Amino acid sequence: MIEVQHLTKRYGPTTAVDDVSFRVERGEVLGLLGPNGAGKTTTMRVLTGYMPPSEGKAIVAGYDVFDQPLEAKRRTGYLPEAPPLYPEMTVRDYLAFVARIKGVPRTERKARVGSVMERTRVADVANRHCGKLSKGYRQRVGLAQALLHNPEVLILDEPTAGLDPKQIIETRQLIKDLGGDHTIILSTHILPEVGQTCQRVVIINKGRVVAVDTPENLTSRLSGSETLYVQVDAPGAEVKEALEAIPGVTRVAPADARGSLVGFEVNSETGRDIRRELAAAIVRHGWGLLELRPLRMSLEEIFLHLTTEDTAAEGAPDSPSAPPEEAVHE
Amino acid sequence: MNNVLAIAHKELKGYFASPVAYVVIGFSAILFGWFFINLLYFFDRASMQAGAGFGGPQSVNVNEMLISPLFLNVSVILLFTLPLITMRTYAEEKRSGTIELLLTSPLTDLQIVTGKFLGGLVLYAAMLAVTVVHIGFLFAFGNPEWRPVATGYLGLLLMGGCFLSLGLFVSSLTRNQIVAGMVTFAVFLLFWVINWIATFTGPTMQNVLNYLSITEHLNDFARGVIDTKHLVYYVSFIAFSLFLTVRAVDSERWRG
């Protein structure tokens, strides 16, 4: 549905997006994740036909955004980072205007505007001027604007920015509902959002793709080695010794201690499940096993891991621009 | 065409939803009224003198003595007011980010530019429409010829179109309204006075400068003459400015 091939965008001497490639299948929700200035917005601007790429190409809904821009734009809804509202227009007038320039037939316009306002919950401010709206409403009117012509592809640049927690949940639910019928790319730097709304994630940093995967795979595959958390009711030093003796354990680090309770982080060799041996050893010593759970890297940690790894690699002079080993290219 | 009208409609709505339209129309009307009264007194005295027969002209023509100079005076008002209309057109869209909506909608650059131009032109026409009241008084109490009045308005509309298209182009180059307004004003003024130096130059240069002067072409319209030479000048001026605007918007995309 969306295909980005070797996309590069340079602004004068700076390269904002560097050889980015990815695909989005029909009905999929893809998260574009990266720190500020990573090239998310630029990528989206190329996809929406706002600016042409310096190199490479982008195909949206079967049309090259550069060669057949009008066809591609007819099938794309776009919420820019700053909702593009005209302050002196009322919400209803604004949406009617957008419906008109997006090519919604005259007879359907009113109904479309009404249903989209319901869907994005902005009907109660329909007659207010866009310039007088709160940030949350501005954002949702921006979203309404993107949905008006019922586009096949939705490109949302930070759709939940500026919303309060309740609105964030509602908006995420809306995006989830829209997926399936629509193909969606959304950008964000809020990581839990990706886990909740997206089927796949593209992590970009400094204009390059660092990883492409599902949120679940990213959390489990990128941990490197398996880490377990164990809490035992026993004297600490003895436990540490006993745990280190188990085959497959590479490291045992004290995590916390409360009274007679001690907690440890136990690392093991990758791919080796030592939970049974661990439990057996503790029971054998007659200690009380209170907790045993795998420690997954949260998306935050993975994200930091991937993006700082990249920075470290670039820090070295003349280092090749190859992505770090952790990168999972598809 | 629907797209062009959609943009024009939006522009007009923007003018009338903000104070811009009312300020521009209102204060232009005040200035026009002032010019009108001055010329009316002047005309009044001239016609008294003519009637008294002190060696002046035997009769005075209201078209020649009053309406024609009045139209030429209007160009002064345009010099100041039209930059105010055009300075926001592109600059404001770029500053507020709404340009992103227009450029990612299924519209061509030409449709957007033409729509904005039309919107400005309709506002300007509304501004001229107010002056019809003054001229109406002349028709009520005198007997001017209507044809020179009609061609005068046509000339003003075309000259305003030149200013508007030029202003649109300047506005497309910046995201700062003040810069757009000032540069537009300076360029307008330059086109207005470009032939002042004509008398000091050679015959070829003199013709060129006179031809370039935006107001020089208005004289014939104000006198009731529609010369294709002037029509070609105004229409090509507008077309070229709009073309430059389209190119400027397009190049902005490439520069990002």
Side-chain angles (χ1 to χ4, degrees), chain A residues 9-12 14 16-17 41-42 44-54 60 65-66 68-90 93-94 96-106 129-131 142 145-146 148-149 151 155 157, chain B residues 1-24 85 88-116 118-119 123 175 177 246-256:
Chain A
K9 178 71 192 177
R10 281 183 285 269
Y11 299 110
T14 50
V17 173
T41 298
T42 303
M44 295 186 141
R45 283 181 165 176
V46 172
L47 283 176
T48 52
Y50 179 68
M51 47 172 62
S54 307
V60 171
V65 292
F66 185 63
Q68 293 167 291
L70 293 189
E71 292 302 320
K73 285 173 186 175
R74 255 187 264 281
R75 291 164 179 78
T76 313
Y78 175 42
L79 168 66
E81 207 168 356
L85 309 181
Y86 291 101
E88 70 278 356
M89 280 189 178
T90 65
D93 285 350
Y94 169 72
F97 163 67
V98 177
R100 193 172 169 191
I101 60 170
K102 297 283 184 187
V104 178
R106 179 188 292 270
H129 286 105
C130 291
Q145 162 273 125
L148 269 174
H149 55 307
I155 295 182
D157 200 347
Chain B
M1 194 58 202
N2 177 41
N3 289 336
V4 174
L5 292 180
I7 300 286
H9 185 224
K10 186 226 85 182
E11 288 291 309
L12 263 185
K13 243 182 174 167
Y15 289 130
F16 281 96
S18 67
V20 175
Y22 306 102
V23 169
V24 165
I85 293 184
R88 44 173 274 150
T89 44
Y90 265 100
E92 176 66 13
E93 300 244 21
K94 280 200 251 181
R95 199 192 54 76
S96 72
T98 45
I99 192 79
E100 240 175 307
L101 170 69
L102 297 184
L103 294 189
T104 58
S105 293
L107 305 168
T108 63
D109 290 349
L110 185 61
Q111 286 171 340
I112 300 173
V113 171
T114 320
K116 283 179 171 294
L118 270 184
L123 174 64
R175 61 179 58 227
Q177 288 195 38
V246 171
R247 301 317 298 171
V249 173
D250 194 38
S251 85
E252 172 99 3
R253 289 178 182 212
W254 288 91
R255 281 178 285 129

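Below, chains carry the letters A, B, ... as their sequence lines are ordered, and counting in each starts from 1. Quantities reported herein were computed from a predicted structural model and do not represent experimental measurements.
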J.: Within this structure, what is the CD-CG distance for the pair B/Glu252 and B/Leu103, rounded to the nearest 0.5 Å?
T.: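 Here the rounded value is 9.0 Å.
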J.: Could you look at A/Leu85 and say if it's the side chain, the backbone, both or neither that has a heavy atom under 4.5 Å from chain B?
T.: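 Only the backbone of A/Leu85 comes within 4.5 Å of chain B.
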J.: Among the options B/Leu5, B/Asp250, B/Asn3, pick out the one with the most heavy-atom pairs lying under 4.5 Å from chain A.
T.: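 Of the options given, most contacts go to B/Leu5.
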J.: Please name the pair of heavy atoms, one in A/Ala146 and one in A/Tyr78, separated by the smallest distance, quoted to 0.1 Å.
T.: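 Residues A/Ala146 and A/Tyr78, closest heavy atoms: CB-N, 3.7 Å.
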J.: Taking A/His149 for the side chain and A/Thr76 for the main chain, is one N or O donor matched with an acceptor at less than 3.5 Å?
T.: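 Present.
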J.: For the backbone of B/Arg175 and the side chain of B/Tyr90, can you confirm whether one donor and one acceptor N or O come within less than 3.5 Å of each other?
T.: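 Not a single qualifying donor-acceptor pair exists.
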J.: With respect to chain B, which residue among A/Arg45, A/Met89, A/Gln145 yields the maximal number of heavy-atom pairs within a distance under 4.5 Å?
T.: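 With the most close heavy-atom pairs to chain B, the winner is A/Arg45.
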J.: Measure from the side-chain N and O atoms of A/Thr42 to the backbone N and O of A/Ala16, and report whether any donor-acceptor pair falls under 3.5 Å.
T.: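 A pair under 3.5 Å: no.
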J.: Which atoms of A/Val65 are under 4.5 Å from chain B, going by heavy atoms: the side chain, the backbone, both sets, or neither?
T.: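 Contact with chain B involves no heavy atom of A/Val65 at all.
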J.: Side chain from CB out, backbone as N, CA, C, O: work out which of these in A/Tyr86 comes under 4.5 Å of a heavy atom of chain B, or both, or neither.
T.: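 A/Tyr86 touches chain B through backbone and side-chain heavy atoms alike.
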J.: Using a 4.5 angstrom heavy-atom cutoff, name the option from B/His9, B/Gln111, B/Lys10 with the most pairs to chain A.
T.: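 Maximum pair count with chain A is reached by B/Lys10.
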